[in-house]
Novice: 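My questions will all concern the structure given below.
Letters go in sequence order (proteins before strands), and every chain restarts at 1. Note that the coordinates shown come from a computational prediction; the quantities given were computed from them, not determined experimentally.
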There are 2 protein chains.
Amino acid sequence: MLLSAATSVFAERGFREATIREICQRAGANIAAVNYHFRDKEGLYEEVIKACRDDARNPEIHLSMDSSTPAPVRLEAYVRWMFRRVLAFDVEFPMGQIMSREMVEPTQALERVVEVHIRPEALWLGGVMRDILGPRFSREELARATMSVVGQILFYKHCGPVIRLLDPKVMPSRDTFEVHVRHITDFTLAALAGLRSHRDAESPLTSVAFDATDTVPFAVASHTR
Amino acid sequence: MLLSAATSVFAERGFREATIREICQRAGANIAAVNYHFRDKEGLYEEVIKACRDDARNPEIHLSMDSSTPAPVRLEAYVRWMFRRVLAFDVEFPMGQIMSREMVEPTQALERVVEVHIRPEALWLGGVMRDILGPRFSREELARATMSVVGQILFYKHCGPVIRLLDPKVMPSRDTFEVHVRHITDFTLAALAGLRSHRDAESPLTSVAFDATDTVPFAVASHTR
DNA sequence: CGCTGTTTCAAACTGCTGTTTGACATCGAG
DNA sequence: CTCGATGTCAAACAGCAGTTTGAAACAGCG
């Protein structure tokens, strides 16, 4: 009960703005419960992240979508999945909220979040991007293209209040959700096709210019250890 | 002296995390100075934003770049300008920092920031995008394309800590700055060219489908008043 | 029942924040 | 010089945060 209350409060308010008092009140527990069961506020936060690890994985994406599925289809599925998670119309994706907040105001738990949630996802998406772009792009180019995709999605999360002020009709809603997914997918696919054809025209006869270790856009493990 | 100290502290820490004590200490003033000269912390914050209004405008972009300059050149100039402002290697763009933070955790000053800084910029960039895309796109499509550009740029701001953990080499530095500008510009131009040619192929003979009021991507003034 | 270890709870504690207060300093005009 | 307005300053205040404490309640078990 405490964990679930903490999850929603952390998701709504972020780590710093979330108060132990509100968590305990929502859980019907005493103020001292957090410090008794978990060491302190940070301990509770880490447990929340650990608890979210399992249900944050999406089988639709990472399991049933292997390389036999056409890469553009995988891209669209990813955009739809992440976009829904990021917008969080429903509260069923608290980890998406927490991850978004961690990016903006990182806590000590960021390293764990990156290793457990973000890096596998980035590597998976990087594989999709590699399939679309082909072998003639360096790992840095691949990484930049990957981040161009993620950036388009996260923008609506990080800049939601601004978009609402700028023009509320532009902010994605349940009704316009699929339109936005289509736009981001089409925009990206058009960009990738253009980049690839341009690259092919530049060096039409040279073979793959990068070795096998460069096929992955990001480091496969953290550099910090 | 108080204003400049407040500007840098607000830019570094954000409104909530910034403390009056640090501002006064950095300015060599007393704690009570803020409440005496400005009403309270929020009053000081608003004055900081007002003071930044003038030097935040960039003549290179908004003045010397009229419609006689080719739209792709204007786009690249915008990307370079905003990207530098957002990364803030040097501290010369505190307003960029403050604006980025306002987007993520908005304060009561957000409305002013949007009207004074963001809306004119969004309309200007929307004009560039319209010139590239042509008339066959609705205002909503134009707005989404515009936000795909801004999203790619702001991503490096909002997700800096994550990128550094994921792979430090991917994070833009002074050395790789121009490479990133080139990527975002090329990615966007390729996407826009693809979208436009696809649209032209869809309806090659129909004329402009939208009236003149639809040429602007966002509302020209706030809906809230 | 009686004991022991565990969990709960109200209250107090510590430390940080923005803000206020009242005494003191400064200084220009009459 | 005198006076009053303006600014400065150290200190205290009030509020809220996370944390600790010590007593009370509880559960399991001989």
Novice: State which residues pass ring-ring contact (aromatic ring centres under 6.0 Å, His included) with A:F218; sequence neighbours excluded, sorted by chain then number.
Specialist: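 Partners of A:F218 by the ring-ring contact (aromatic ring centres under 6.0 Å, His included) criterion come out as none, since no residue qualifies.
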Novice: What is the distance from CD1 of B:I20 to C1' of D:dC9, rounded to the nearest Å?
Specialist: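 In whole Å, D:dC9 C1' and B:I20 CD1 are 16 Å from each other.
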Novice: From the options C:dT7, C:dA10, D:dT19, select the nucleotide whose nearest atom is closest to the side chain of A:A32.
Specialist: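 Among the listed nucleotides, the one closest to the side chain of A:A32 is C:dA10.
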Novice: Rounded to whole Å, please give me the gap between CG in B:N35 and P in D:dA10.
Specialist: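 Whole-Å distance recorded here is 15 Å.
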Novice: Over how many whole Å does the gap from A:E42 atom CD to D:dA17 atom C1' extend?
Specialist: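 The answer, rounded to whole Å, is 14 Å.
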Novice: If you assign A:R16 and B:G28 each to the DNA chain D nucleotide with the nearest heavy atom, which residue ends up on the more 5' nucleotide?
Specialist: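 So the residue in question is B:G28.
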Novice: Over how many whole Å does the gap from A:N30 atom CG to C:dA11 atom C1' extend?
Specialist: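 Going from A:N30 (CG) to C:dA11 (C1'), I get 10 Å.
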Novice: Is the centre of the A:Y156 ring less than 6.0 Å from the centre of the A:H180 ring?
Specialist: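 Yes, the ring centres sit under 6.0 Å apart.
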Novice: Without decimals, in angstroms, what is the distance between A:I31 CD1 and D:dT19 C1'?
Specialist: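 Whole-Å distance recorded here is 11 Å.
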Novice: Would you say the ring centroid of A:F83 lies under 6.0 angstrom from that of A:F177?
Specialist: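 For A:F83 and A:F177, the ring centres are under 6.0 Å apart.
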Novice: Would you say the side-chain atoms of B:R144 pair up with the backbone N or O of A:V170, donor to acceptor, closer than 3.5 Å?
Specialist: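 The answer is no, because no donor-acceptor pair under 3.5 Å joins these two groups.
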Novice: Which whole-number value in Å describes the distance from B:E17 CD to C:dC16 C1'?
Specialist: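 One finds 12 Å between C1' of C:dC16 and CD of B:E17, rounded.
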Novice: Given D:dT8, is OP1 or OP2 found less than 4.0 Å from the side-chain N or O atoms of B:H37?
Specialist: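 The answer is yes; a side-chain N or O of B:H37 sits under 4.0 Å from OP1 or OP2.
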Novice: Could you check how far CZ of B:R13 sits from P of C:dG18, rounded to whole Å?
Specialist: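 Value for this atom pair: 12 Å.
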Novice: Compare the minimum distances between each of C:dT19, D:dG7, D:dT19 and the side chain of B:Y36, then state the nucleotide with the smallest one.
Specialist: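 So the side chain of B:Y36 is nearest to D:dG7.
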Novice: Send over the distance from A:R21 CZ to D:dC16 C1', rounded to a whole Å.
Specialist: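 Roughly 7 Å, once rounded to whole Å.
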